[in-house]
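Below you'll find the structure, written out as structure tokens, and then a few comments.
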Amino acid sequence: MRIYILFVLTVCFLNIGKGYVMQKECHKNCKCAIRRSKKRQAVCRGRDLHYIPQFPEMILSVIMSGTNLTNIDKNGFKNLTYIRLKELTLDNNLITFIHEDAFINLKYLDSLSIVQETNLAVNVIKVSVGKMETRNLRSLYFKNNNWLFLPVDMFTSFSYSEIRTIGIYGNSLSELQSATFSPLKKLQKLYMNKNEIEHIDLKGISKDLVDLRLNENLLPKVPELCTKDRRGISLVNKLHTLDLSDNNIGDIRVQAFQCLPNLKKLLLNRIPMKRIRSNIFASLPVLYSLQLSKIGFPLQKIDDYAFNSSTLSRLLMDVANFHFDREEFNPQTIFSLSPNLSFLNLDHNFFPKNETKMQQILSPLVRLKNLIISSTSLFILPKNVFPYLKSLENLTLSSNRLSDWNDGSQIFRNMTSLRNLNLKDNFIKIINKNTFPAAVLKSLKVLDLSYNSFVCTCDQLWFTEWIKSTKVKLLSYPTLYKCRSPPSLDGTLLQKYVNSSKECPLWNPIYTTVIILLLSATVLAVIFAIIMKCQTNIKNYLYLWRINYNRRRGYLPLQDADDFEYHAFVVYCDADRQWVHQKFLKKLEQDEGMKLCIHHRDFEIGESITANINNYLEKSWKVVVILSNDFAKSEWCQWEVDVVQERRRRQGRDVFLLIMLKNIDSKHMTNQLRALLDSASSLKYPMGVGEELFWTAAVETLRKPLGHPPTALL
Ligand SMILES: *[C@@H]1O[C@H](CO)[C@@H](O)[C@H](O)[C@H]1NC(C)=O
Ligand SMILES: *[C@@H]1O[C@H](CO)[C@@H](O)[C@H](O)[C@H]1NC(C)=O
Ligand SMILES: *[C@@H]1O[C@H](CO)[C@@H](O)[C@H](O)[C@H]1NC(C)=O
Ligand SMILES: *[C@@H]1O[C@H](CO)[C@@H](O)[C@H](O)[C@H]1NC(C)=O
Ligand SMILES: *[C@@H]1O[C@H](CO)[C@@H](O)[C@H](O)[C@H]1NC(C)=O
Ligand SMILES: *[C@@H]1O[C@H](CO)[C@@H](O)[C@H](O)[C@H]1NC(C)=O
């Protein structure tokens, strides 16, 4: 026993790819084996084989394929009676005749298939098959035999049989009469696909029929499913699956599916129906799955409540090329009465561009688990659609025109039931932390982003780091993830970029730009503030520079101050006395050794002020005017200005040293003062910084010789 198991295991490993686990010796044209499906099967091939050979006892299933059996006489199946044959397939064996008693002794036969025996007349088969022992027979298949008709009495001898399945596909039958199948009282499955049937009468068909396949025929309408009498009861009460795909059905009446109380699966793929009428599936009380792939070519109209069905769970309407943007289409009713839908395939249609419409179409589908909207010309992801689909587990958005989005936290919010997200073949360039919410990435199991146009620069940093650490299965990575830009990396694997030790700034270049701009602005502001602060000094410096410059250029003829008693006459107002006495005199008389005329100190008592002024002005070489607001306010000082202006007219502007001790407000500015200020440049007195420069400039001005009548402007 042990050895046997070991043998089986060894054989099993040796032949693992060939579909069988153990082979046994048999005829040279045949292969006898226990298949992996546990079938104990013999397959014989070759035109040189003219008989059915003997098989090992264990064989239960025989396939004769492509041999040359031509004539099967009375004993033609003799060798099959030595085994407990359950399945026999005769496929393309050039059979022209089978003796009527040939099948008689195949007592255990459960399933007979006659395939591609185009030389064998249907009436010959009718006779021989009709004589079969039917105790165990369950299935009869006649496939691709080029039959043009099916005799009405084809199955008359099976009245007491237990036959469950009849398959007559790939023939050229055009009409089926109700009496043909009526003897088969226990028939459950009838496969009549791939014929040329234009009409089928189901009257009298087995009450047990559960599966009816009429696909690939020429039916112009849904067959009559109710009795014609007034009771209108169902002819196929137990029918579970009905396949009417690939027929000529151009329209379906609202009552067409009325007598199908147990129908769960309805297939209407590729029928030329251009319009889905209102409530046509509403009469199917237990409908579960509906297939409408490629209908209409293209589908043009979907009426209100077309999918009214409280039980519908799976709907395929792919490749219908339906424009959901059509004006007469009502997005609010299409699925509003399909609450149990859990699988929806709308692949290859034209989804609405409008987000609200999209929301209206999909938001009732709170039980949807699988949604396929690939190739639907989507170019934006709606913000308010997916969060309504609370049960969504698999979402396929492949082959659309989606490019980057930055509001993933909106689009995919609350989608923590999502396990599978397919975004293959779009135009996504960059995946970053805003593409999907963290909670979604946490619950996701599989993500497909293959065939997108990835950018392989530092902008991709988040994604490349995520790839290295994530537990999400990135489908088809790395082979189908390629860089599209920069041009130098076009076509290379994204993985190569992920692997490369790239140097990326820790933050976004935008931040850098912002910081540089802010810094520049600050620097400019500081420079501006400094300029404002030092304006006076700069002016004074320029003043001094011009004096020195002009002197070096020889524009200023030298002239002595020695002829005068005083170096300068100082005009100032009383309010500024303190500064004049304590600072100005101290600096110029003590430090510089000049002699200045100050009315407080030098004027002769008893003389009138005007006389004094005239007198002392004559004795002074130059005139110093200390200007300030108080000066401007004083009428007396204004008068003095007039007097000194006279000196300027005679001796030129060099005679003046104007010192702006404090700025003069515009409201105090008089015409005289303005004229004075216009006639000569003034020195501004700064406190602290720049004071040294001021004094130098003041001293230089006072020492500067007088130019010959009015010098050019400095
Ligand atoms: C039965 O098989 C043997 C060889 O396996 C063959 O010689 C013989 O002709 C077969 N008999 C019939 C009736 O086909
Ligand atoms: C099949 O066998 C018959 C005779 O039994 C022969 O005439 C015919 O040529 C054979 N056909 C082929 C294709 O071998
Ligand atoms: C939906 O179908 C049911 C029958 O299943 C029907 O009673 C109801 O009126 C239909 N609803 C609409 C809006 O047509
Ligand atoms: C809805 O579908 C689920 C399975 O998807 C099923 O168990 C349930 O009975 C259905 N509800 C209705 C009303 O048909
Ligand atoms: C998202 O989930 C939160 C908490 O579970 C809930 O308050 C909110 O209403 C949900 N939003 C949507 C659109 O379902
Ligand atoms: C990237 O690195 C992984 C493991 O470190 C390696 O298996 C893979 O071949 C590398 N791919 C490329 C394109 O360099």
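Whatever order the structure lists them in is the order used to number ligands and atoms, beginning at 1. Counting from 1, the numbers follow the sequence of the chain as shown.
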Closest contact, heavy atoms only, Leu235 versus Lys207: O-NZ, 4.2 Å
Could you report the tightest heavy-atom contact between Glu355 and Pro382, atom names first, then the distance? CG-CB, 3.3 Å
Who passes side-chain contact (heavy atoms from CB on, under 4.5 Å) against Arg40, sequence neighbours left out? Ile34, Met58, Leu60
May I ask you to list the atoms of ligand 1 that are less than 4.0 angstrom from any heavy atom of Pro53? 2 (O), 5 (O)
Using the salt bridge (Lys or Arg N to Asp or Glu O under 4.0 Å) rule, collect all pairs that involve residues 75-94, keeping only residues at least two apart or in two chains. Lys39-Glu87
Report yes if Arg47 has an N/O atom closer than 3.5 Å to an N/O atom of ligand 2; otherwise report no. no
What I want to know is whether Asn75 and ligand 1 share at least one N or O pair that is separated by under 3.5 angstrom. no
Amino acids in close contact with ligand 4, where any non-hydrogen atom sits under 4.0 angstrom away: Ser310, Thr311, Ser313, Asn340
Below 30° counts as parallel, above 60° as perpendicular, anything between as tilted: where do the rings of Trp147 and Phe142 land? tilted
What atoms of ligand 2 come within less than 4.0 Å of a heavy atom belonging to His50? 2 (O)
In ligand 1, the atoms that come under 4.0 Å of a heavy atom of Gln54 are 2 (O), 5 (O)
Mark up the atoms of ligand 2 that fall under 4.0 Å of a heavy atom belonging to Asn68, in ascending order. 1 (C), 2 (O), 3 (C), 8 (C), 10 (C), 11 (N), 12 (C), 14 (O)
Just say parallel, tilted or perpendicular for the rings of Tyr169 and Tyr141, cut-offs at 30° and 60°. tilted
Aromatic plane relationship, Phe412 with Phe436 - under 30° parallel, 30 to 60° tilted, over 60° perpendicular: tilted
Under the criterion side chain to side chain donor-acceptor pair (under 3.5 Å), which of Ser398, Ser399, Ser374, Ser375 is the partner of Asp425? Ser399
With sequence neighbours excluded, what pairs up with Lys126 under the side-chain contact (heavy atoms from CB on, under 4.5 Å) test? Asn123, Pro151, Asp153, Met154
